[in-house]
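We name chains A, B, ... by the order of the sequence lines, and we start the count at 1 in each one.
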Protein chains: 4
Amino acid sequence: MGLTVSAKPIGRARHVAGRTRTSERRRQILSSAFEEFAAKGYEAARLDDVARRAQIAKGTIYLHFKNKEVLFRAVVRDRIQSLLEKFCARRKGVPVSAEELLRELLTRQFAAMAKNENARGILRLLVAESGKFPRLASVYRREIIEPGTAAIRSVIEKGSAAGEFEKRKVAEFPQILAAPAVLAAVWMLVLSDPKPFDLDGYLDAYLELLIAGLRKTRAREDGETRK
Amino acid sequence: MGLTVSAKPIGRARHVAGRTRTSERRRQILSSAFEEFAAKGYEAARLDDVARRAQIAKGTIYLHFKNKEVLFRAVVRDRIQSLLEKFCARRKGVPVSAEELLRELLTRQFAAMAKNENARGILRLLVAESGKFPRLASVYRREIIEPGTAAIRSVIEKGSAAGEFEKRKVAEFPQILAAPAVLAAVWMLVLSDPKPFDLDGYLDAYLELLIAGLRKTRAREDGETRK
Amino acid sequence: MGLTVSAKPIGRARHVAGRTRTSERRRQILSSAFEEFAAKGYEAARLDDVARRAQIAKGTIYLHFKNKEVLFRAVVRDRIQSLLEKFCARRKGVPVSAEELLRELLTRQFAAMAKNENARGILRLLVAESGKFPRLASVYRREIIEPGTAAIRSVIEKGSAAGEFEKRKVAEFPQILAAPAVLAAVWMLVLSDPKPFDLDGYLDAYLELLIAGLRKTRAREDGETRK
Amino acid sequence: MGLTVSAKPIGRARHVAGRTRTSERRRQILSSAFEEFAAKGYEAARLDDVARRAQIAKGTIYLHFKNKEVLFRAVVRDRIQSLLEKFCARRKGVPVSAEELLRELLTRQFAAMAKNENARGILRLLVAESGKFPRLASVYRREIIEPGTAAIRSVIEKGSAAGEFEKRKVAEFPQILAAPAVLAAVWMLVLSDPKPFDLDGYLDAYLELLIAGLRKTRAREDGETRK
DNA sequence: GATGAATGAGAGTTCATTCAT
DNA sequence: TATGAATGAACTCTCATTCAT
């Protein structure tokens, strides 16, 4: 999982041979476009504004992207790519307990998801535009969600195997553990808060609850599953 | 069902000559408009399509709503209203344990949020358009989120007071308990799945984990809070 | 010239037999319509506003007038009619000098034209809409301008014949004598003045100049026409 | 021609790269728009027709003018500007009698007003639309009427001072002398004549009358003002 | 006759896209 | 490559006209 990922960029760069001159313009446009799309959504975003933000002429966009839709897709793919890099950054270090691993993983995912404006922008675009662009969601799922979920599952399983965690049904729905991060992101997206909310306290409270729910208790426990 | 809420409708209905004649058209338009807006977003939705869906002429919309923006706001308010009614439906019954209460509350919220297409539509609109319509988010927060969060908090506190639950920091962030519902809703919104995902199993797994995390253990517990 | 005119109303009244009940509604509409048309012009006037002003339902207008254009024509004809009555009101009295007659005639025309809001409204409509409704101008010319011009001419000729006035070329362009009245009307129409302007002083100054120009001088005058 | 006026154009031209490139389109639009507005009035004029007349696409208009209203205002201002130039064209030449000056001035104003289709178009627009655009009338008054009136007054006063003209009250209402020009313009505007009317004869007759009314008679004259 | 909700053609305006420079 | 003026399809909104009540 150690991601060589960045080696296969989704957006194909052009003129790979020699200088990647164009790529600069391209990135400039992608970046401006992301800001516009993230702020206003696909339909409401104006290519005029993208161009102005990128300090280029409107026509120039068309030298790099066939049309608005292609630009949009490229923007989302590009951002998913960069999110992926954040997400999968690997700690190198001594092996530790499953609990430790889980804390670390979720903290990292939380940072990548809730504390990262980019990620929130992507989330907004996916929620808003997945009706019109279903394939982007597939990319997102394949590149982000599934690896992320798999990582969580593997830690849970490791904990169970080591007798550190109870065997619980969450193992089959590992995305549940990422729910608070998503909630936080949505919350910040929707509720442009005056008092933005204490993300660290929130995470801390969540982890406390989660670990308590997972950790194997010494004493016999019978039937916390009702019925 | 105990809701007095329906007594103060946000969109003022006009009671013409006894019966609420106009309101019928109004509801018809609101309903068609919701479907269009939820499917395409504010900008991409076409009033032409709204009219066609409602089987009326385009101009008729303007007899009931000043313009697209006003229609949009009315749509969201109307839906928040109806969501509210779902959310606050009250079980009348014998008092039960905090655990029982919590299960019931979260199950209800889960049903209202994740299993309800309306609610997902509202969520999509809020995420997509909160930039352009910040006041709608305020309504949503006031009408839905805050009551919902308060309800969760009160159950947690009741459980703590009764010695049924551990004292945990989640009490300060009760929205965490609703996170899996939101995640499920977002999931379904974004990932228009071929195999849609087992909502009941998901909820069950979550509740198992949650209750385990909250329930007071008989045996001595020392420091599940790390550090 | 003593006008039997009002006996042949241009706008045909309906249900002449028995009660002229409808005519009341008709007049009500004509009156409201005139105000709207005069204030905003044909295109910009809204039948909605006409109806509101007349305190009737919009559809009712169509019971009395086939459509907007017909209503407009009826309005202008109606007003020309009433202007005509003002214009042609006859002084009964002892015969007087041509100068006296001329003063009186022009004073009356001035009052009818410049001091009368109705007349200004008609003028505005004629100027604004004569492109679209050329026939109205013909009515106006036939009913108002030609009689008015003829009256002026006849007084000038009477004065010349009586040796009271010089023989002047104005006799061939009698409308020149009405020019100051028209100018005053246009002035008031266009320049919605803070200090509205002294109409009586204006008329007085004009008549002084005019009479001086027409009156036969005792001394021999040769060739005030240059060259 | 003595006009510095053209040095401060009201509509700001954009001097792009040396020559005034854009201005050409702008003038083209202004000109087509004037014809449409003058023929049909503000409301009835269609931007489609303006575009067609200018042989451009409808959207192009919006590259030069924010909207219809702004275009309209620009059109009127532009035309007032050009009228002004006509109006104020200065004869350079030997000093002559007041009578001569007055003839010349009024002849010029007559030509600018009555014989000039532009001027008639402006007049029509002012009369028709001054209700909706009161500020345009102010511009017209300031730029055209007041200078024109002042010019007439100054000639009258010069004639009085030189003993050439009687002292008359018209000196206080100099616009009276311009009335025949306005009447002629209105006449042509409203009465789209088959036999258009002999403008030169008309002017001639007017000047004859006017000069006779102003000129000092040798013999004693007492009290041509009655009463 | 009177009403006013409903209609839909047609207007102003926007903006993704093109293309001569 | 880069530009930005030009395009025109498509949108929102208006309002004269109709018609069931």
Revision key, fill the gap. Letter by letter from the 5' end, nucleotides 13-21 of chain E scores (B base, S sugar-phosphate only, - none; protein heavy atoms under 4.0 Å) BBSBBB---

Check your understanding: Base, sugar-phosphate, or nothing: which does B:I61 touch, judged by heavy atoms less than 4.0 Å apart?
Key -> nothing

Review point. Should D:R25 be listed as having a side-chain N or O under 4.0 Å from OP1 or OP2 of F:dA6?
Key: yes

Exercise for review: Using atom CD of D:Q55 as one end and atom P of F:dA6 as the other, report the distance to the nearest whole Å.
Suggested key: 14 Å

Exercise for review: Would you mind reading off the distance between A:I56 atom CD1 and F:dG4 atom P, rounded to a whole angstrom?
Suggested key: 11 Å

Point to revise | Close side-chain approach of C:R27 to C:E24, heavy-atom, < 4.5 Å | key: no

**Study point:** Any D:L125 side-chain heavy atom under 4.5 Å of D:F133 side chain
**Key:** no

Review point. Excluding sequence neighbours, so at least two apart, what forms side chain to side chain contact (heavy atoms under 4.5 Å, CB included) with C:A33?
Key: C:F37, C:V50, C:L71, C:V75

Review point. Quick one: stems for DNA chain E, with Watson-Crick or G-U pairs under 3.5 Å, at least three in a row?
Key: E:2-21 with F:2-21

Review point. Which residue pairs satisfy the salt bridge (Lys or Arg N to Asp or Glu O under 4.0 Å) criterion with at least one member in residues 59-69 of chain D, sequence neighbours excluded?
Key: D:E69-D:R73

**Study point:** Between F:dT1 (P) and A:Q28 (CD): distance, integer Å
**Key:** 14 Å

Practice item. Please state how far atom CG in D:D49 lies from atom C1' in E:dG12, giving the value in whole angstrom units. Key: 13 Å

Check your understanding: Is the shortest side-chain N/O distance from B:H64 to OP1 or OP2 of E:dA6 below 4.0 Å?
Key -> yes

Check your understanding: So which heavy atom on D:A38 is nearest to which on D:G121, and how close?
Key -> CB-CA, 4.1 Å

Review point. Going by heavy atoms in the side chains, are A:V139 and A:R135 under 4.5 Å from each other?
Key: no

Review point. C:E129 versus C:L136: any side-chain heavy-atom pair under 4.5 Å?
Key: no

Review point. Do C:S130 side-chain atoms and D:L189 backbone N/O form a donor-acceptor pair below 3.5 Å?
Key: yes

Review point. Taking the side chain from B:E43 and the backbone from A:G41, do they hold a donor-acceptor pair closer than 3.5 Å?
Key: no

Exercise for review: Return the value, rounded to whole Å, for the distance between atom CZ of C:F65 and atom C1' of E:dG1.
Suggested key: 15 Å

Exercise for review: Kindly write out the residues that satisfy side chain to side chain contact (heavy atoms under 4.5 Å, CB included) with D:S31, not counting sequence neighbours, or none if the list is empty.
Suggested key: D:E35, D:R79

**Study point:** Qualifying residue for side chain to side chain contact (heavy atoms under 4.5 Å, CB included) with D:F34, from D:N118, D:V76, D:D78, D:I29
**Key:** D:N118

Review point. Between F:dC11 atom C1' and B:R52 atom CZ, what is the distance in whole Å?
Key: 13 Å

Check your understanding: Under a 4.0 Å heavy-atom cut-off, which of residues 33-40 of chain B touch DNA chain F?
Key -> none

